[in-house]
S.K.: 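First the structure, which I've put down as structure tokens, then a few questions once you've had a look.
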Amino acid sequence: MLYQYRKDYEKITMGLFSLVSELQNMDLVTQEMAWYANSDNHMIYLWKDHSNNWSGLVGIELQEKQLLIHQLVVTPQSHNQANFNQLFDELQSLYPSYEIITGFDIKSIWMKWEQSRKHV
């Protein structure tokens, strides 16, 4: 389940962001979080897995009718397509009128989700 970032989720969020290889320095994690905090159309959602553990986050930007995914982070034990599909499904449920757009780094994961939706 997705939860919109709140200040009391700060440590969890910082821990998940530290899993991103480009954000190994805590100063960079702090800058990344500030980027989301400084705009109304940038948001962070934390994700709990089926065992109710904090297992991922997604950083998004809303532009017109597009939802751009800037960050998609899951813990190593949660890194599988079924979890990504659940995360994308939940995002689409929160923003049903938005088209989800991803960067090249997660394009293949997103495409598998798109294909699975067409066969349901």
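As the structure is a computational prediction, the values presented were derived from the model and not from experiment.
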S.K.: Same hydrophobic cluster for L2 and Y5, using side-chain heavy-atom links shorter than 4.5 Å among ILVMFWY?
M.R.: no
S.K.: State yes or no: are the ring centers of F84 and W110 separated by less than 6.0 Å?
M.R.: no
S.K.: Where do Q31 and D27 land on the side-chain hydrogen bond (donor to acceptor under 3.5 Å, both in side chains) test, with the steps shown first?
M.R.: CA-CA 6 Å; Q31 288 174 18; D27 288 337; over 6 Å; no
S.K.: Is H42 reaching over with its side chain to a backbone N or O of W35, donor-acceptor style, under 3.5 angstrom?
M.R.: yes
S.K.: Are the side chains of I69 and I101 in contact, using a 4.5 Å heavy-atom criterion?
M.R.: no
S.K.: Does a donor on one side chain sit under 3.5 Å from an acceptor on the other, for E32 and Q71?
M.R.: yes
S.K.: To the nearest 0.5 Å, what is the distance between CD on Q86 and CG on N83?
M.R.: 6.0 Å
S.K.: So, taking the atom named OG in S78 and the one named NZ in K48, what distance separates them when rounded to the nearest 0.5 Å?
M.R.: 13.0 Å
S.K.: Could you give the distance from CG (L91) to CH2 (W113), rounded to the nearest 0.5 Å?
M.R.: 8.0 Å
S.K.: Say you draw a straight line from OG1 of T13 to CG of D8; how long is it, rounded to the nearest 0.5 Å?
M.R.: 9.5 Å
S.K.: Hey, any chance L94 and V74 share a hydrophobic cluster, counting ILVMFWY side chains that come within less than 4.5 Å of each other, even indirectly?
M.R.: yes
S.K.: Using only atom types and a distance under 3.5 Å, with no angle test, would you say the side chain of D49 pairs donor to acceptor with the backbone of S55?
M.R.: no
S.K.: Taking C-beta and beyond as the side chain, do I12 and L16 meet within less than 4.5 Å on heavy atoms?
M.R.: yes
S.K.: Are I60 and L87 connected in the hydrophobic side-chain network, where two residues link if heavy atoms are under 4.5 Å apart?
M.R.: yes
S.K.: How many angstroms lie between atom CG of L57 and atom OH of Y45, to the nearest 0.5 angstrom?
M.R.: 13.0 Å
S.K.: Between V58 and L62, is there shared hydrophobic-cluster membership here, with clusters defined by ILVMFWY side-chain heavy atoms closer than 4.5 Å?
M.R.: yes
S.K.: Take Y3 and W54 through the ring-ring contact (aromatic ring centres under 6.0 Å, His included) test and state the conclusion after the steps.
M.R.: CA-CA 10 Å; Y3 297 83; W54 294 111; 5.3 Å; yes
S.K.: Going through the checks in order, is the side-chain contact (heavy atoms from CB on, under 4.5 Å) test met by K65 and E99?
M.R.: CA-CA 6 Å; K65 288 296 181 179; E99 176 187 9; over 6 Å; no
S.K.: Is there a side-chain contact between L72 and F88 (heavy atoms, below 4.5 Å)?
M.R.: yes
S.K.: Side-chain contact, heavy-atom cut-off 4.5 Å: Y9 with I44?
M.R.: no
S.K.: Using side-chain contact (heavy atoms from CB on, under 4.5 Å), reason through Q92 and D89 one step at a time and then give a plain yes or no.
M.R.: CA-CA 5 Å; Q92 193 70 79; D89 285 343; 5.8 Å; no
S.K.: Does the side chain of S39 pick up a donor-acceptor pair with the side chain of N41 at under 3.5 Å?
M.R.: yes
S.K.: Rounded to the nearest 0.5 Å, how far apart are OG1 of T102 and CD of E114?
M.R.: 9.5 Å
S.K.: Do the side chains of M14 and T30 get nearer than 4.5 Å, heavy atoms only?
M.R.: yes
S.K.: Check whether any side-chain heavy atom of M43 sits under 4.5 Å from a side-chain heavy atom of Y36, and report yes or no.
M.R.: no
S.K.: Give me the ring orientation class for Y95 and Y98: parallel if the planes are under 30° apart, tilted from 30 to 60°, perpendicular past 60°.
M.R.: perpendicular
S.K.: When hydrophobic residues are tied together by side-chain contacts of less than 4.5 Å, even through go-betweens, does V73 share a cluster with L28?
M.R.: yes
S.K.: Say whether E61 and Q63, considering side chains only, have a donor N or O and an acceptor N or O under 3.5 Å apart.
M.R.: yes
S.K.: Can you establish whether the number of heavy atoms outside Q4 located under 6.0 Å from its atom CD is more than 12?
M.R.: yes
